[in-house]
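Numbered from 1 within each chain, the chains take letters A, B, ... in sequence-line order.
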2 protein chains.
Amino acid sequence: MKNKNKKAHCAVDYAFQRIGGKYKGRILWVLRDGFLRYGELKRAVVGITPKMLTQTLKELEADELIVRKVYLEVPPKVEYSLTDTGKELIPFISQMRSWGEKQMATN
Amino acid sequence: MKNKNKKAHCAVDYAFQRIGGKYKGRILWVLRDGFLRYGELKRAVVGITPKMLTQTLKELEADELIVRKVYLEVPPKVEYSLTDTGKELIPFISQMRSWGEKQMATN
DNA sequence: TACTTTATTGTACATACTTGCTGTAAAGAT
DNA sequence: ATCTTTACAGCAAGTATGTACAATAAAGTA
């Protein structure tokens, strides 16, 4: 779900391009309360591989939805958090989540 | 973005699986006001190929987000509309759209 | 010295998604 | 008889996305 070089046909298209992708929503969601380290994210987003986590975090960072903060320590420490733009997405991820919960219960 | 045989890790995951995909959001969005025929959808969702339109409509139908109504006429006539479940998604697609518009303006 | 920890990166491969193009049915118009 | 219209279906091919597994750096600990 690359963002660069893609022109959106409309705002809906644009938004979906920006937060579509298998893990983006979940990552933004688990980051809603603050800072998480790489390993914490990995545990929070069950089922994601390290490769995909790294890749998706990079995309989200390039997209300015999250911030990556590196601590110069050994072993390495990196913390991720939402940008203001990222935070704006939380309400509707929340809404989608409610819808999803309701739907899952219905079946 | 197949839905069958996929188990969601959480409600966010579930929701994204169900409306993720390049065109699903846009199709649901243009159907918000009522019924559209295949050809009308094709014109409304600019850039979609007939193949993808058909495929995406099938997925949405299997997913019970839209209804397909066939008129036994020649040449064929088929109308698509939202189910109640599909309609529930409109508010937050709308919200995403607002966010998208704001973002697009910001750049 | 060897082992552990953390946050990656690299390669190879598999699967999913998307596009482009051609083809079809069947009634009505020319 | 041929053309037009509508809503698709089929196939080949490319691109994007995702998985599995191995490897790295560099300090601290056993």
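- The interatomic distance linking A/His9 (NE2) with C/dT18 (C1') rounds to 13 Å, in whole Å.
- With a 6.0 Å radius and a threshold of 12 heavy atoms from other residues, nucleotides or ligands, A/Glu40 has its CD atom above the threshold.
- Taking atom CZ of A/Phe35 as the reference point, atom P of C/dA7 lies 15 Å away to the nearest angstrom.
- Residues B/Val78 and B/Tyr23 fall within the same hydrophobic cluster, defined by Ile, Leu, Val, Met, Phe, Trp and Tyr side chains chained together at heavy-atom separations under 4.5 Å.
- Whole-Å rounding puts the A/Gln17 CD to D/dA16 C1' distance at 13 Å.
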Readout for nucleotides 2-12 of chain D: B = base within 4.0 Å of protein heavy atom, S = sugar-phosphate only, - = neither; 5' to 3' it is ---BBSBSBB-
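- Counting non-hydrogen atoms under 4.0 angstrom, B/Tyr23 reaches the backbone sugars and phosphates but no base.
- Here D/dA25 presents its P atom at 18 Å from CG of A/Leu72, a figure rounded to the nearest Å.
- Rounded to whole Å, atom C1' of C/dT6 lies 13 Å from atom CG of A/Leu41.
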Dot-bracket pairing map - DNA chain D, Watson-Crick plus G-U, both contacts under 3.5 Å, | cross-strand: ||||||||||||||||||||||||||||||
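- Panel note: side chain A/Thr85, backbone A/Leu65; no donor-acceptor pair is recorded below 3.5 Å.
- A straight line from CD1 of A/Ile27 to C1' of D/dG18 spans 13 Å, rounded to a whole angstrom.
- Counting non-hydrogen atoms of other residues, nucleotides and ligands closer than 6.0 Å to CD of B/Glu64 gives a total of 12 or fewer.
- Rounded to an integer number of Å, the gap from CE of A/Met52 to P of D/dA20 is 12 Å.
- Note: A/Phe92 and B/Phe92 have parallel aromatic rings, judged against thresholds of 30 and 60 degrees for the angle between ring planes.
- Using a cutoff of 4.0 Å between basic side-chain nitrogens and carboxylate oxygens, A/Glu79 and A/Arg68 are not scored as salt-bridged.
- Regarding A/Glu73, its CD atom lies at a distance of 10 Å from the P atom of C/dA7, rounded to whole Å.
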